[in-house]
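What follows is a set of notes on a single structure, which appears directly below.
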Protein chains: 2
Amino acid sequence: MSSPKKILIADDEPDILEIIQFNLAAEGFEVITAKNGDEAIELAKKHLPDLIILDVMMPGKTGIETCNILRTHPALKETLIIFLSALSDEGTEIRGLESGADDYLTKPIRPKILISKVIALFRRLKKENESIVKHGDLIINKESYLINYKGDDIILARKEFELLSLLASKPGKVFLRNEILNQVWGTEVIVGDRTIDVHIRKIRQKLNLDCITTVKGVGYKFEL
Amino acid sequence: MSSPKKILIADDEPDILEIIQFNLAAEGFEVITAKNGDEAIELAKKHLPDLIILDVMMPGKTGIETCNILRTHPALKETLIIFLSALSDEGTEIRGLESGADDYLTKPIRPKILISKVIALFRRLKKENESIVKHGDLIINKESYLINYKGDDIILARKEFELLSLLASKPGKVFLRNEILNQVWGTEVIVGDRTIDVHIRKIRQKLNLDCITTVKGVGYKFEL
DNA sequence: AGAATGCCTTAACAATTTGATAATACAGTA
DNA sequence: TACTGTATTATCAAATTGTTAAGGCATTCT
């Protein structure tokens with residue numbers, strides 16, 4: 001489906017760690033585990049996970065302290081964080097959320113609920129690194145350089161494919177011509193004015209589908 | 001976003017409705033209430049809230065059914081949704097999250113937890129959608145170069161869009177003609193006196209909405 | 001190697017949209 | 001009324017994009 005999302009879990013109880021790891025891995029996530037806050041911080045810096053699940057009660061640093069430290073790192077400022085806690089203590093839960101977490105779950109862990117919540121959180125995030133993008137009947141596979149529309153494979157040339165991939169990576173967003181040139185052609189290469197148009201035309205022709213909209217004087221955008 | 005966040009609550013129990021309304025209003029949110037799913041759908045289309053809180057168990061449409069209908073409306077596709085339920089039924093909770101909700105809370109409602117979660121959701125959303133400006137029923141999306149009024153997309157030409165964006169960036173502020181020229185046309189270009197008027201007229205015509213006020217001898221301002 | 005194929009770019013021209021202006025009508029005010 | 005500033009409309013020039021064809025280049029095939 002997509003390049004697997006990385007999830008870091010920190011909990012001092014090996015059992016819980018294993019249960020969560022097993023369930024998330026079964027859903028296709030890439031899971032990294034840490035036994036305490038310090039290890040979590042170290043691993044987070046190293047792997048830059050998409051989501052961090054922190055137990056609140058851990059020896060050494062608590063989950064909330066760990067969270068605060070993680071948030072000081074530029075690359076981890078936006079990372080999703082979920083707290084786990086045995087306590088159903090309202091004050092702790094509120095402090096957890098206030099410290100910049102995105103959710104708070106109380107033990108006992110119900111794996112299916114956890115997974116649903118994880119998926120709900122990811123749904124809100126950008127899908128930039130996805131190697132397969134689907135929009136309605138259109139499937140773009142960046143790994144095999146294939147487009148499939150309603151079951152039929154469509155072959156695009158490299159530049160055409162890269163151009164479509166770029167536009168489809170953020171449906172609705174208008175890409176300026178400069179933006180497109182930098183992303184697809186690079187900053188070094190200089191090509192003529194009509195080059196983009198011609199490629200756009202070929203894509204529209206091959207797909208035979210009205211999914212690229214011209215915004216005159218601005219650029220192009222992808223939308224179904 | 002500038003204006004206070006709008007939250008729509010749907011629950012058939014007046015007590016719960018009142019408790020939630022009171023607590024959210026105390027935090028500065030603008031709260032709208034509905035007694036059932038149908039009313040929620042109607043009010044949602046009318047007010048385009050930023051967050052919708054749905055009770056799962058309601059007479060008539062359930063919260064999940066309501067959610068699914070809401071999601072079919074273009075302007076409500078991305079709206080945050082939280083479910084409330086007395087049931088601590090795992091299956092229902094999972095189905096709720098799968099139907100596109102962002103969180104699921106079980107009753108009894110703990111107001112402070114609810115508020116924390118609401119704030120956490122808005123905090124996460126803000127990082128993504130900074131290019132979208134809302135004023136009442138009017139949504140200006142700088143990323144897709146689209147104006148949306150009461151669910152309908154309106155296409156403005158570049159200059160028209162930039163002009164409206166500028167005025168709407170500070171509702172109530174009167175922009176002098178010079179100010180507008182510098183911001184939209186730049187200091188290099190020199191255009192005639194009537195140019196701004198003509199563009200203003202086109203915007204008014206396309207939006208068919210009285211949101212730009214002429215301040216004679218001074219300039220223009222945006223207000224609903 | 002030589003031929004064939006397909007990709008990328010460019011040039012030239014057509015089609016379209018946008019932006020600016022001028023001319024005129026209108027509104028408010030002293 | 002005369003004056004000042006804005007609204008409206010039509011028109012034309014300019015800017016932008018669409019389309020097509022052709023040539024260079026690289027890759028693949030025989």
Side-chain angles (χ1 to χ4, degrees), chain A residues 142 144-147 153-167 174-223, chain B residues 142 144-147 153-167 174-223:
Chain A
K142 293 185 187 174
S144 61
Y145 264 60
L146 270 180
I147 308 283
D153 281 338
I154 296 168
I155 297 173
L156 295 187
R158 181 161 54 252
K159 284 275 190 270
E160 292 158 16
F161 188 91
E162 285 170 1
L163 179 48
L164 179 60
S165 289
L166 175 66
L167 296 181
V174 177
F175 289 83
L176 312 180
R177 294 178 94 90
N178 274 331
E179 228 169 322
I180 294 173
L181 286 177
N182 287 335
Q183 296 284 328
V184 178
W185 276 265
T187 48
E188 312 289 302
V189 189
I190 296 171
V191 292
D193 269 356
R194 306 267 58 72
T195 303
I196 292 181
D197 307 32
V198 174
H199 286 284
I200 292 279
R201 172 166 168 2
K202 286 191 175 170
I203 294 171
R204 296 210 256 232
Q205 192 172 276
K206 285 187 183 175
L207 288 189
N208 190 29
L209 168 68
D210 189 25
C211 63
I212 297 178
T213 309
T214 303
V215 181
K216 246 194 139 156
V218 188
Y220 295 92
K221 68 178 165 181
F222 174 93
E223 56 185 2
Chain B
K142 293 185 184 174
S144 61
Y145 258 79
L146 272 180
I147 309 286
D153 282 338
I154 297 167
I155 297 174
L156 296 186
R158 200 179 86 183
K159 283 274 189 278
E160 292 158 17
F161 188 89
E162 286 171 359
L163 178 48
L164 179 60
S165 289
L166 175 66
L167 295 181
V174 178
F175 288 83
L176 312 180
R177 295 178 94 91
N178 271 330
E179 226 170 325
I180 294 173
L181 286 177
N182 287 334
Q183 295 284 327
V184 178
W185 275 264
T187 48
E188 313 288 303
V189 190
I190 295 170
V191 292
D193 270 357
R194 306 267 59 76
T195 302
I196 291 180
D197 308 31
V198 174
H199 283 101
I200 293 281
R201 184 187 168 291
K202 285 188 179 170
I203 294 171
R204 283 171 171 159
Q205 190 173 276
K206 285 187 182 175
L207 287 189
N208 191 29
L209 167 68
D210 189 27
C211 62
I212 298 177
T213 309
T214 303
V215 182
K216 223 179 155 171
V218 188
Y220 296 91
K221 68 177 169 180
F222 174 93
E223 57 183 2

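Residue numbers begin at 1 in each chain, while the letters A, B, ... track the order of the sequences. It should be emphasised that the depicted structure is a prediction, and the values quoted were computed from it without experimental measurement.
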R194(B), CZ atom: more than 12 neighbouring heavy atoms under 6.0 Å: yes

For I196(B) against R177(B), the heavy-atom pair lying closest together: CD1-O, 3.7 Å

Touch class at under 4.0 angstrom, heavy-atom based, for Y220(B) against every strand present: sugar-phosphate

Outermost DNA chain D nucleotides near chain A [under 4.0 Å, heavy atoms]: dT16(D) to dT20(D)

I155(B) CD1 to Y145(B) OH distance, which is reported to the nearest 0.5 Å: 13.5 Å

Test side-chain contact (heavy atoms from CB on, under 4.5 Å) applied to N182(B) - qualifying residues, sequence neighbours left out: T187(B)

By side-chain contact (heavy atoms from CB on, under 4.5 Å) - contacts of R204(B) (at least two apart): I200(B), I212(B), T214(B), Y220(B)

Per-nucleotide protein contact string for nucleotides 3-15 of chain C, where B marks a base within reach and S marks sugar-phosphate only (heavy atoms under 4.0 Å, - for neither): ----SBBB-B---

I180(B) to L166(B) - nearest heavy-atom pair and separation: CA-CD2, 4.1 Å

Between P of dA20(C) and CZ of R177(B), the distance in whole Å: 14 Å

Test side-chain contact (heavy atoms from CB on, under 4.5 Å) applied to L209(B) - qualifying residues, sequence neighbours left out: L138(B), Y149(B), L207(B), C211(B)

Residues which pass salt bridge (Lys or Arg N to Asp or Glu O under 4.0 Å) with K202(A), listed by chain and number, not counting sequence neighbours: none

